[in-house]
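Values below: all heavy atoms of this structure, side chains included; hydrogens, waters and symmetry mates excluded. Letters A, B, ... are given to chains in the order of the sequence lines, protein chains preceding strands, and every chain is numbered from 1.
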2 protein chains.
Amino acid sequence: MDGRNTAGLLYLREEEIRLAMELLFYGYRDFTAGPDAILAELGMGRAHHRVLYFVGRHPGITVSELLAILRITKQSLGRVLQPLIAGGYVVQSPGRSDRRQRLLSLTPAGVALERRLFESQRALLARAFREAGGPAVEGFRKVMLGLLGPEARARLGLRASLTGARVAGKVA
Amino acid sequence: MDGRNTAGLLYLREEEIRLAMELLFYGYRDFTAGPDAILAELGMGRAHHRVLYFVGRHPGITVSELLAILRITKQSLGRVLQPLIAGGYVVQSPGRSDRRQRLLSLTPAGVALERRLFESQRALLARAFREAGGPAVEGFRKVMLGLLGPEARARLGLRASLTGARVAGKVA
DNA sequence: GTTGATATGTCAACGACACTGACGTATCCC
DNA sequence: GGGATACGTCAGTGTCGTTGACATATCAAC
């Protein structure tokens, strides 16, 4: 036992960790509140949002790739994808090189809805970024990137470092 | 139209925002993966974890306060709280000043389980903090705090600023 | 001391979103 | 032709949230 000094330090560390945990819990919840409200009016949920988001980000994405990003089963995807297609938000087109694939894209209505959901979250994030300042945003990215598993990090790592380097001075 | 310059800036901003969105999505998912696995073995889920966490953080918390923190209905809480009590992880005791209240606390078994779940996430967070460095952690806190709604911010704001100020130099 | 508000529990039904398992179809590739 | 692959779908299940209604115990006030 090293006595009070070590215990004090450990205590502080733990407080710091628990604060971060709570920030993630409350932050994620409050961050998704805006889209949730919009989606509820349309009879949709968070799962629909995720599909809209990633199809919008990756036009022509295959079902397999989308499943890998979302890490859900095709049955779960089907339940939200079919209504999105029926509602005219997403279209499927056969793959040009491999016609077994159904490439997914947003329709103009899908783009519009995705943008509406995006703007809701953009407003919140932009305010948080502005109030925190550029260096804080860079720190935020660094820490969040460290929370990612290998897959997600591979997906975002390059973008994060590029954005961080190029934008750091400008946002400040 | 201001031409390419403005468009370029807006594009960068949007890329930045979308990167943050994806960091939050993947980060939250990967951050909860550890506890999820442990809980699954015990036949419990994330909701049980949240109750264990906040009861552990606030020993003697009332049901009402817990409901306010979690923002769920008492029916939803009951469904996870009852098994936790039956399993010997949580105990209820009548309030001393108001005996209608059932003050919630963790049993030793509850403390042990919460600690096990905590350590799983602590390892991940501590590594992310260490790799990112002290100033980045401070930035992370600033940005996350900006995402919180008024309620959550009131709950965490003071702690965040205290921790930020006191710890900033040490972690670096 | 009855009476109204409050704190909590519980029964019932439902919805969103995930899962497993099984099977079907179209297409690719050898 | 035949096995692997991409995708879809039917059926059943589990977690976690909801609303609505009702019961009980306790407090607080008149």
Point to revise | Footprint string (nucleotides 25-30 of chain D, 5' to 3'): B base within contact, S backbone only, - free, heavy atoms under 4.0 Å | key: BBS---
Exercise for review: State whether A:Arg57 and A:Glu65 are salt-bridged, where the test is any N-O pair (Lys NZ or Arg NE/NH1/NH2 against Asp/Glu carboxylate O) under 4.0 Å.
Suggested key: no
Check your understanding: Who pairs with B:Arg115 by side-chain hydrogen bond (donor to acceptor under 3.5 Å, both in side chains), at least two apart in sequence or on another chain?
Key -> A:Glu14, B:Glu119
Review point. Could you give the distance from CZ (A:Arg71) to CG (B:Asp30), rounded to the nearest 0.5 Å?
Key: 5.0 Å
Review point. Where along residues 60-69 of chain A does a heavy atom come under 4.0 Å from DNA chain C, residue by residue in number order?
Key: none
Name each donor-acceptor pair under 3.5 Å that joins a side chain in residues 35-45 of chain A to protein atoms two or more places apart or in another chain, with its distance.
from	atom 1	to	atom 2	distance (Å)
A:Asp36	OD1	A:Arg46	NE	3.3
A:Asp36	OD2	A:Arg46	NE	3.4
A:Asp36	OD2	A:Arg46	NH2	2.6

Study note, to complete from the structure: Atom CG of B:Leu84 and atom P of C:dG9 are separated, to the nearest Å, by 13 Å
Review point. Tell me, for nucleotides 15-21 of chain C in 5' to 3' order, what letter each nucleotide earns: B for a base near a protein heavy atom under 4.0 Å, S for only sugar-phosphate near one, - for neither?
Key: --BBBBB
**Study point:** Those residues that, when tested against A:Arg100, pass side-chain hydrogen bond (donor to acceptor under 3.5 Å, both in side chains) (two or more places apart)
**Key:** A:Asp98
Review point. Can you tell me how far the OH atom of A:Tyr26 sits from the CG atom of B:Leu145, to the nearest 0.5 Å?
Key: 12.5 Å
Practice item. Under the ring pair (Phe, Tyr, Trp, His ring centres under 6.0 Å) rule, collect the residues that match up with A:Phe25, sequence neighbours excluded. Key: B:Phe54
Exercise for review: Nearest whole angstrom, please: distance from the P of D:dC7 to the CG of A:Leu77.
Suggested key: 10 Å
Exercise for review: Please list, chain by chain and in numerical order, all residues satisfying ring pair (Phe, Tyr, Trp, His ring centres under 6.0 Å) with B:Tyr28, sequence neighbours excluded.
Suggested key: A:Tyr28
Check your understanding: Between B:Arg18 and A:Glu114, is there a salt bridge with N-O shorter than 4.0 Å?
Key -> yes
Practice item. Calculate the interatomic distance between B:Gln101 atom CD and C:dG9 atom P; express it in whole Å. Key: 11 Å
Let me check something: any side-chain donor-acceptor pairs from residues 86-96 of chain B under 3.5 Å, sequence neighbours excluded? List them with distances.
none

Practice item. Apply salt bridge (charged side-chain N to carboxylate O under 4.0 Å, His left out) to B:Glu131 and list each qualifying residue two or more places apart in sequence or on a separate chain. Key: B:Arg127
Practice item. Using atom CG of B:Leu81 as one end and atom P of C:dG9 as the other, report the distance to the nearest whole Å. Key: 7 Å
Practice item. Enumerate the residues from residues 23-39 of chain B whose closest heavy atom to DNA chain C is under 4.0 Å, giving them by residue number; use none for an empty result. Key: none
**Study point:** Partners meeting side-chain hydrogen bond (donor to acceptor under 3.5 Å, both in side chains) with B:Arg153 (sequence neighbours left out)
**Key:** none
Point to revise | Residue pair A:Tyr53 / B:Glu22, side-chain donor-acceptor N/O under 3.5 Å | key: yes
